[in-house]
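Below, chains carry the letters A, B, ... as their sequence lines are ordered, and counting in each starts from 1.
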2 protein chains.
Amino acid sequence: MRTVSETNTHDDRPLPLRERKKRRTRHALSEAALHLFLERGFDAVTLDELVDTVEVSKRTFFRYFESKEAVATAAEHELWDTYLDELANASLTGPVLDVLHACLTAAVRSMDTEWERRFLATRGLIARTPQLRDHSDLASLLTQERIAEQLGDRLDGTATSDVRIRLLSEIAMAAWRTAARRWVRANRETAFRPAAEPEHGQAATTRADLIDSIDATYAALGDSLTLQA
Amino acid sequence: MRTVSETNTHDDRPLPLRERKKRRTRHALSEAALHLFLERGFDAVTLDELVDTVEVSKRTFFRYFESKEAVATAAEHELWDTYLDELANASLTGPVLDVLHACLTAAVRSMDTEWERRFLATRGLIARTPQLRDHSDLASLLTQERIAEQLGDRLDGTATSDVRIRLLSEIAMAAWRTAARRWVRANRETAFRPAAEPEHGQAATTRADLIDSIDATYAALGDSLTLQA
DNA sequence: TAAGCAAACGCCACTGAGTGGCGAATCTGA
DNA sequence: TCAGATTCGCCACTCAGTGGCGTTTGCTTA
């Protein structure tokens, strides 16, 4: 039993002031970055500009984000963190590929609506900025590496199966990249507007579509291996 | 019959002088780069240094290579070019994955010994330089993209199979990355010395090992998909 | 509530990759 | 031998990212 004063859902109050300030700075930076980048393009905005609008020193910026690309893809990084958490808490039973698939969709589902908005913006930027696409792909490869490590620790560690674990992680991420790219391509024009109109009756790009794309892609994995000319 | 004066192996003569000079410059740059990077580390060598030792302006450097990373991984790029050529000339019959597998090993086999030396050096650098590992991974993703495009053009272009083609390309490259990483990891200490001793009786890292690793990895693809916990 | 401590920040100078512009050298083809 | 076109060198510039250091700000203990 916890005391009443200790709210456990989204408790922002009990956090030390210092921590709250940090969150606010981080949030302000990533929010302003998305806004500026969408407005004028990733390349056209310099870090000095971004840093000026948030009224923070450039030195401080790099205490929060490790690169200009990182602040634009923060939402994706959060997804990967959640994904890895899901996997860490999942029980490894049955086909491992199914577990990875389930963890990924669970991660996507568990993000809040704030995240969804930022993620859409990020993917919009990625779609029109090669540099960001590279950074995003790299992040997926890094995550894949982490997955392989985690699986390697938790499954039997025979050297023979090590190749299979690495391959499995690769394949799982391949499914993500394929699904995400398909999903982005289908929405290049319709979505990703700088100022998102809130309640457009039109069918907007939702995370449900993304999850559908993921499911469909995972389902196509088996066929792909044996694809005939 | 050719005249005796016209040697056909490595004929550098019939090429216009301008072209020969360009080749020499490019070769000198990539050769000096490998040497310097292996000697003192990728980060410790500045472009200005490299450019000074070759006695070329920095401006000229960027007319030959698009980045500092590119000059260190030139050998890999050549492999990808050859791979794509192989694929372009291959007949698409039977399982597409087998075709990709065959093209890759064929490409590796068709490179000359000069290439092998440079490739080994490059992989040694990649193994110890995260920045280069990223660049190499990105190059493999880009190649994978090209493969998907080529396959998309040559196979039937139904939207349904598009996902499978992308996935197949991803999976094929996943096999490469896994194989190459395994191969590098197995030789991190034994090989990749700045000044390679020519005829060490000891078993040295050869491209045969690499091809074996590729074969083994492709063979493990099917199992990986159905890997059970 | 005052003192002391550590974390976070701002400022500033600096490195180094990559680019733009333009005039000079060099190759080529008639 | 003389245009015309490439290619190159030089120089100044932009901008991401880092190191150092002094100052502020929140936290803690007396």
Side-chain angles (χ1 to χ4, degrees), chain A residues 12-30 32-33 36-37 40-74 77 125 129-136 138-139, chain B residues 12-30 32-33 36-37 40-74 77 125 129-136 138-139:
Chain A
D12 227 15
R13 231 81 47 72
L15 277 169
L17 173 59
R18 204 173 256 171
E19 213 57 34
R20 271 182 284 159
K21 275 195 146 184
K22 277 168 69 175
R23 288 196 182 211
R24 236 173 307 175
T25 304
R26 188 184 178 84
H27 186 258
L29 277 172
S30 99
L36 287 174
F37 292 161
R40 318 206 326 257
F42 181 77
D43 291 322
V45 179
T46 68
L47 274 186
D48 289 309
E49 275 181 283
L50 168 60
V51 146
D52 280 350
T53 59
V54 186
E55 289 180 316
V56 162
S57 77
K58 195 167 61 168
R59 207 65 192 74
T60 296
F61 171 88
F62 284 103
R63 291 189 184 102
Y64 285 91
F65 299 95
E66 65 178 8
S67 68
K68 187 186 177 186
E69 288 79 21
V71 72
T73 57
H77 280 96
L125 285 173
T129 317
Q131 206 172 143
L132 286 180
R133 213 214 50 164
D134 286 353
H135 189 264
S136 168
L138 242 20
Chain B
D12 232 12
R13 229 81 47 73
L15 280 167
L17 174 58
R18 207 170 252 172
E19 212 57 33
R20 273 181 283 160
K21 274 195 147 184
K22 277 169 70 175
R23 287 196 180 210
R24 236 173 308 176
T25 304
R26 188 185 178 82
H27 185 258
L29 277 172
S30 100
L36 286 175
F37 292 160
R40 318 207 325 256
F42 181 78
D43 292 323
V45 180
T46 67
L47 274 186
D48 290 308
E49 274 181 284
L50 168 59
V51 147
D52 280 350
T53 60
V54 186
E55 290 180 314
V56 160
S57 78
K58 194 166 65 169
R59 206 64 193 75
T60 297
F61 172 88
F62 283 103
R63 290 188 185 105
Y64 285 91
F65 299 97
E66 64 179 9
S67 68
K68 188 186 177 187
E69 288 79 23
V71 72
T73 58
H77 280 96
L125 285 173
T129 316
Q131 206 173 143
L132 287 179
R133 212 214 52 165
D134 286 353
H135 189 263
S136 167
L138 243 19

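Annotation: the span from B/Leu138 atom CG to A/His135 atom NE2 amounts to 10.5 Å, rounded to 0.5 Å. Going from atom CZ of A/Arg133 over to atom OG1 of A/Thr73 covers 14.0 Å, rounded to the nearest 0.5 Å. Summarising the geometry, atom CG belonging to A/Asp52 is positioned 8.0 Å from atom OG1 belonging to A/Thr46; distances are rounded to the nearest 0.5 Å.
Using five terminal pairs a side, the axes of the helix from C/dT1-D/dA30 to C/dA30-D/dT1 at its two ends make an angle of 20°, given in steps of 10 degrees.
Atom P of nucleotide D/dT18 and atom CZ of A/Phe61 are separated by 11 Å, given to the nearest angstrom. Between the NZ atom of A/Lys21 and the P atom of D/dC27 there is a distance of 9 Å, given to the nearest Å. When rounded to the nearest whole Å, the span between CD of A/Glu19 and P of C/dA7 equals 12 Å. Note: CG (A/Asp43) to C1' (C/dT19) measures 13 Å, nearest angstrom. Residue A/His135 contributes atom NE2, which lies 14 Å from atom C1' of D/dG17 at whole-angstrom precision. Separating the CZ atom of B/Arg26 from the C1' atom of D/dT7 is a distance of 15 Å, rounded to the nearest angstrom. Distance, A/Lys68 NZ to D/dC15 C1': 8 Å, rounded to whole Å. What separates CZ of B/Arg24 from P of D/dC8 is a distance of 12 Å, to the nearest Å.
Inter-residue side-chain proximity for B/Asp134 and B/Glu69 is flagged as unmet; no heavy-atom pair is nearer than 4.5 Å. In this structure the side chain of B/Phe65 reaches within 4.5 angstrom of the side chain of B/Ser30, judged on heavy atoms.
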A/Thr129 and A/Phe37: side chain to side chain contact (heavy atoms under 4.5 Å, CB included), yes or no, with the steps? CA-CA 10 Å; A/Thr129 317; A/Phe37 292 161; over 6 Å; no
Can you list the steps and then say if A/Leu47 with A/Leu50 is a side chain to side chain contact (heavy atoms under 4.5 Å, CB included)? CA-CA 5 Å; A/Leu47 274 186; A/Leu50 168 60; 4.2 Å; yes
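For DNA chain C, the residues of residues 51-60 of chain B within the heavy-atom distance limit of 4.0 Å (strictly under) are B/Lys58, B/Arg59, sorted by number.
Regarding contacts with the backbone of C/dA8, a side-chain N or O of A/Lys22 is found under 4.0 angstrom from either OP1 or OP2. For A/Tyr64, no side-chain nitrogen or oxygen approaches OP1 or OP2 of C/dA8 to under 4.0 Å.
Along DNA chain D, the nucleotide nearest to A/Arg63 and the one nearest to A/Leu47 differ in position, and the one closer to the 5' end is contacted by A/Leu47.
With D/dC8, D/dG17, C/dA8 as the choices, the nucleotide that has an atom nearest any side-chain atom of A/Glu69 turns out to be D/dG17. Closest to the A/Phe62 side chain, of the nucleotides C/dC22, C/dG18, D/dG17, is D/dG17.
Remark: side-chain polar atoms of A/Ser136 are not paired, donor with acceptor, to backbone N or O of A/Leu132 under 3.5 angstrom.
Counting non-hydrogen atoms of neighbouring residues, nucleotides and ligands closer than 6.0 angstrom, the CD atom of A/Glu66 reaches no more than 12 such neighbours.
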